[in-house]
Asks: 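First the structure, which I've put down as structure tokens, then a few questions once you've had a look.
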Amino acid sequence: MEAVSHTSQWTAAARALETERDDALFRDDLARPLASETGFDLLKKYGGGGLADFVSIRTKYLDDAIATHVRDGRIRQVVLIAAGMDARAFRLTWPTDAVVYEVDHSALFEVKEGRLADLDAKPSVDRRVVGADLTKPWLPSLYEAGFDPEKPTLWVAEALLFFLTDDQVRGLLDLLAEGSAPGSVLALDVLSESLLKNIGTQLFLNALKADGIPWLFGTDDPEGYFALSGWQVNRLNEPGEEGIGKGRWPYEVFPRDVPGIARNWLLHAEYQG
């Protein structure tokens, strides 16, 4: 797999550990086999500083976004961008007419589909796998899989933006706008720029860089940044807030007007056309 794709296995490992807690925020019974030993080794290597807790909180946040906009809402088309070892198409409850597209590198899917086949795992929704290079225009591959740009879409980009450059993030947001009908929603996580500069994060960030998976992008103004591509942020949260992992996040949540704070943003944004 691409080097960056290995991180999807540490995400799965964190989900597996969460699933095994008595107070689990969610259940993902496929996470442990999808993580493989590689995922647990990576999580052990990088998993300090609340990383596993953040993965759990982020997973629950995005699960809830799917419940809000799809299960209890009117969107029936979901695209998981850089899907990695995500198992939402298997573990969540979906409307019978929903379609879930998983987009990621073809090499990752070669591994993932083999593991799922070994487990005899069956999706609970119409699941369509789309192999694509996310650094290049990939909407045509999505269209070939049956995606309808005239229907509103929930785009979920989990653990993706920090691996991209500013130009690549801007290109992605513009690309999603191009493929979005009115009423489409984007749900994702994004770092603050201050996190990338914070002295307390440098040991972790330098370790990622040394292993060829550097974190590159962050913004201290997500509302302004996303608006430039036609996306209006209508929900912005941080882990540790009430209902967003409060009691599970090991750090204080500072008011928005305190500058220079390392933040992990979680957000919903609606396409404005």
Side-chain angles (χ1 to χ4, degrees), residues 11 25-26 49-51 53-75 78-82 86 88 152-166 168-177 180 182-198 200-201 215-273:
T11 298
L25 298 176
F26 57 86
L51 177 64
D53 289 317
F54 178 67
V55 170
S56 296
I57 293 167
R58 179 183 65 198
T59 298
K60 179 63 164 61
Y61 186 89
L62 296 177
D63 284 357
D64 290 347
I66 291 170
T68 296
H69 299 292
V70 182
R71 192 187 68 198
D72 301 330
R74 294 184 292 178
I75 294 177
V78 179
V79 180
L80 305 179
I81 310 164
D86 188 284
R88 288 186 172 93
T153 302
L154 173 61
W155 307 92
V156 179
E158 184 174 16
L160 171 62
L161 297 194
F162 41 68
F163 290 117
L164 306 179
T165 65
D166 181 88
Q168 288 171 334
V169 173
R170 177 59 60 205
L172 175 65
L173 295 179
D174 290 345
L175 185 77
L176 299 185
S180 290
S184 293
V185 175
L186 174 59
L188 52 73
D189 61 304
V190 61
L191 306 176
S192 68
E193 185 176 3
S194 296
L195 184 148
L196 297 176
K197 297 177 179 179
N198 190 289
T201 63
W215 284 6
L216 303 171
F217 176 78
T219 175
D220 290 332
D221 178 22
E223 297 96 336
Y225 191 92
F226 281 76
L228 291 175
S229 292
W231 294 98
Q232 180 180 348
V233 175
N234 51 29
R235 182 173 178 182
L236 185 68
N237 298 104
E238 292 184 61
E241 292 180 8
E242 188 69 44
I244 317 292
K246 186 175 181 179
R248 291 288 302 276
W249 186 237
Y251 302 109
E252 182 179 355
V253 180
F254 289 91
R256 180 73 183 273
D257 58 0
V258 177
I261 300 299
R263 303 181 191 271
N264 295 275
W265 305 114
L266 297 162
L267 64 84
H268 297 198
E270 185 170 347
Y271 178 57
Q272 298 300 298

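Only heavy atoms go into these numbers, but all of them, side chains included; no hydrogens, no water, no symmetry mates. Along the sequence shown, the residues carry numbers beginning at 1.
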Asks: If you round to the nearest 0.5 Å, how far is OG1 of T201 from CH2 of W215?
Replies: 9.0 Å

Asks: If we only count heavy atoms from C-beta on, is the R58 to N264 side-chain gap below 4.5 Å?
Replies: no

Asks: How close do V156 and V78 get, counting heavy atoms only, and between which atoms?
Replies: CG2-CG1, 4.4 Å

Asks: Report the C-alpha separation of W155 and S180 in whole Å, then their side-chain angles, then the decisive distance to 0.1 Å, and conclude whether the side-chain hydrogen bond (donor to acceptor under 3.5 Å, both in side chains) test is met.
Replies: CA-CA 9 Å; W155 307 92; S180 290; 2.8 Å; yes

Asks: May I ask you to test the R263-D220 pair for a side-chain heavy-atom distance under 4.5 Å?
Replies: no

Asks: Taking the side chain from R248 and the backbone from P239, do they hold a donor-acceptor pair closer than 3.5 Å?
Replies: no

Asks: Find out whether V185 and T68 are in side-chain contact, i.e. whether some heavy atom of one side chain is under 4.5 Å from a heavy atom of the other.
Replies: no

Asks: Go through it in stages, so that I can follow the logic: the residues are E238 and I244, the test is side-chain contact (heavy atoms from CB on, under 4.5 Å), and I'd like the CA-CA distance, side-chain angles, deciding distance and then a yes or no.
Replies: CA-CA 7 Å; E238 292 184 61; I244 317 292; over 6 Å; no

Asks: Look up atom CD in E252 and atom CD1 in I261, then write down how far apart they are to the nearest 0.5 Å.
Replies: 8.5 Å

Asks: Which distance, rounded to the nearest 0.5 Å, do you find between the CG of L164 and the CZ of F217?
Replies: 9.0 Å

Asks: F226 and H268: aromatic ring centres closer than 6.0 Å?
Replies: no

Asks: Side-chain contact test, heavy atoms from C-beta onward, threshold under 4.5 Å: evaluate it for L188 versus L160 and give yes or no.
Replies: no

Asks: Between R170 and S229, do the side chains contain a donor N or O and an acceptor N or O under 3.5 Å apart?
Replies: yes

Asks: Please find the pair of heavy atoms, one from S184 and one from P152, that lie closest to each other, and give the distance.
Replies: OG-CA, 3.5 Å

Asks: Could you tell me the separation between the CZ atom of F26 and the CD1 atom of I57, rounded to the nearest 0.5 Å?
Replies: 10.5 Å

Asks: Show the numbers, then the answer: is there a side-chain contact (heavy atoms from CB on, under 4.5 Å) between L267 and E223?
Replies: CA-CA 10 Å; L267 64 84; E223 297 96 336; over 6 Å; no

Asks: Y225 vs D166, test: side-chain hydrogen bond (donor to acceptor under 3.5 Å, both in side chains). Steps then yes/no.
Replies: CA-CA 10 Å; Y225 191 92; D166 181 88; 3.2 Å; yes

Asks: Quick one, L172 with Q168, criterion side-chain contact (heavy atoms from CB on, under 4.5 Å). Give me CA distance, side-chain angles, the key distance, then yes/no.
Replies: CA-CA 6 Å; L172 175 65; Q168 288 171 334; over 6 Å; no

Asks: Just how far is it from atom OH of Y271 to atom CG of L186, taken to the nearest 0.5 Å?
Replies: 12.5 Å

Asks: Backbone N or O of A159 within a donor-acceptor pair of the D189 side chain at under 3.5 Å?
Replies: yes

Asks: For D53 and W249, indicate whether the former's side chain and the latter's backbone hold a donor-acceptor pair under 3.5 Å.
Replies: no

Asks: Charged N to carboxylate O under 4.0 angstrom, R235 versus E241?
Replies: no

Asks: Give, for atom CG of D64 and atom CG of L25, the distance between the pair rounded to the nearest 0.5 Å.
Replies: 9.5 Å

Asks: Between the side chain of W231 and the main-chain N/O of L173, is any donor-acceptor distance below 3.5 Å?
Replies: yes

Asks: Can you tell if the side chain of E158 reaches within under 4.5 Å of the side chain of L80, non-hydrogen atoms only?
Replies: no

